[in-house]
Amino acid sequence: MTEAQRRGLNNAVTRMWTFLAPAYDLPFLQRWVYRPPHDEVIAQLREHGSRKIADIACGTGILSDRIERELHPDEIHGVDMSDGMLAQARSRSNRVAWLRAPAEQLPFDDGALDAVVTTSAFHFFDQPAALREFHRVLRSGGLVAVSALSTRQPKLQSSADSKWKPQHNASPAEMRELFEGAGFAISDQHRIPRPPWTRIVSDLITVGLKG
Ligand SMILES: C[S@@+](CC[C@H](N)C(=O)[O-])C[C@H]1O[C@@H](n2cnc3c(N)ncnc32)[C@H](O)[C@@H]1O
């Protein structure tokens with residue numbers, strides 16, 4: 001797949017999210033699907049003492065807003081490609097800097113940030129390109145935390161060889177390889193606890209540090 005085709009498919013994905021944005025904040029969806037990864041990411045940021053943070057593919061901005069309210073960082077940027085999701089994010093908070101940009105081409109200078117986080121969206125990205133970009137915008141010692149769907153069933157795992165089509169849920173080993181390939185040292189990787197009925201496909205959090 002060429003970069004133009006990949007970008008075209010990803011634009012279709014982000015337009016779909018604009019369509020779905022009104023349903024996104026339903027309390028049951030947030031509680032069971034999205035909140036557990038957000039809690040994990042906030043714990044990582046708190047432990048690391050991050051002050052300049054970007055939440056990539058921030059959607060309607062629930063995590064970015066929580067980071068702002070709970071951690072009081074110096075900078076919190078919420079970045080997404082979907083106008084509809086960003087419109088809801090903007091109405092949620094005016095203390096987060098909301099930006100429209102792709103994960104693979106971020107509007108930050110080299111070494112500008114202490115932490116880059118992303119939840120429930122990594123499967124949509126050009127994964128090596130996004131991780132290289134996270135590495136570029138982080139300062140030395142900066143933190144990256146990626147929480148993403150990752151099946152426990154090898155038969156349900158799409159092959160990394162299948163390229164981007166338009167989504168790929170990386171296995172734990174693939175995630176480690178991607179992180180290390182981008183220049184990160186892995187500091188933690190674990191499954192995020194969830195109710196039993198969501199166990200076949202569950203979230204994996206991988207945390208790394210820029211050397
Ligand atoms: C399931 S939502 C996740 C939202 C949020 N991170 C959360 O945990 O609630 C996925 C989001 O990824 C965004 N997205 C998909 N591909 C993207 C890309 N390449 N760059 C930036 N955002 C992207 C979509 O627009 C959508 O808002």
Side-chain angles (χ1 to χ4, degrees), residues 1 3-45 53-70 76-93 96-108 115-134 136-137 144-150 163-170 178 192 194 198 201-206:
M1 182 183 296
E3 175 53 23
Q5 286 169 323
R6 191 201 71 77
R7 174 57 53 211
L9 273 170
N10 193 223
N11 284 341
V13 166
T14 51
R15 275 199 301 276
M16 175 197 80
W17 280 108
T18 289
F19 177 69
L20 294 176
Y24 195 78
D25 294 346
L26 291 174
F28 81 91
L29 197 61
Q30 283 303 321
R31 179 166 169 216
W32 294 113
V33 180
Y34 295 111
R35 191 173 174 103
H38 293 178
D39 290 343
E40 293 268 348
V41 163
I42 286 179
Q44 290 286 345
L45 291 170
I53 303 166
D55 172 22
I56 311 300
C58 63
T60 62
I62 293 176
L63 174 60
S64 310
D65 181 47
R66 278 189 63 193
I67 290 170
E68 194 280 321
R69 288 170 192 273
E70 295 176 31
I76 169 68
H77 306 269
V79 180
D80 202 282
M81 280 288 284
S82 161
D83 292 323
M85 296 297 251
L86 282 172
Q88 270 180 237
R90 287 197 179 94
S91 67
R92 184 182 304 286
S93 171
V96 174
W98 305 110
L99 300 166
R100 188 180 192 284
E104 301 82 1
Q105 215 174 338
L106 295 173
F108 305 112
V116 173
V117 301
T118 184
T119 57
S120 307
F122 192 70
H123 46 285
F124 295 124
F125 300 166
D126 176 334
Q127 296 167 0
L131 277 170
R132 277 196 304 273
E133 190 65 346
F134 298 172
R136 180 186 70 77
V137 302
V144 59
V146 174
S147 171
L149 287 178
S150 176
K163 309 283 187 216
W164 198 86
K165 47 165 191 150
Q167 70 172 63
H168 170 66
N169 299 325
L178 281 162
I192 296 176
R194 281 207 176 267
T198 63
V201 175
S202 70
D203 292 86
L204 178 80
I205 186 165
T206 308

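The figures here come from the full heavy-atom set of this structure, side chains too, leaving out hydrogens, waters and symmetry mates. Remember, it's 1-based here, ligands and their atoms both numbered in the order they're listed.
If you number the atoms of ligand 1 from 1 as listed, the ones under 4.0 Å from a heavy atom of Glu104 come out as 19 (N). Every atom of ligand 1 with a heavy atom of Ser82 under 4.0 Å away is listed here by number and element: 25 (O). Near Ala101, the atoms of ligand 1 lying under 4.0 angstrom from a non-hydrogen atom of the residue are 21 (C). Here is the list of ligand 1 atoms found below 4.0 Å of a heavy atom in Pro102: 20 (N). Every atom of ligand 1 is numbered from 1 in the order shown, and the set under 4.0 Å from a heavy atom of Ala121 is 10 (C), 12 (O). Annotation for ligand 1: atoms under 4.0 Å from non-hydrogen atoms of Gly59 are 4 (C), 27 (O).
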Checklist entry - Stepwise, does the salt bridge (Lys or Arg N to Asp or Glu O under 4.0 Å) test hold for Glu104 with Arg6? => result CA-CA 12 Å; Glu104 301 82 1; Arg6 191 201 71 77; 3.5 Å; yes
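For ligand 1, one of its N or O atoms has an N or O atom of His38 under 3.5 Å away. By the 3.5 Å distance cut-off applied to N or O atoms, Phe124 is not counted among the residues near ligand 1. Geometrically, ligand 1 and Ala103 share a nitrogen or oxygen pair separated by less than 3.5 Å.
With Ala57, Gly61, Pro37 as candidates, the residue nearest to atom 5 (C) of ligand 1 on a non-hydrogen basis is Ala57.
If you take NE2 on His38 and CG on Asp55, they are separated by 7.0 Å, rounding to the nearest 0.5 Å.
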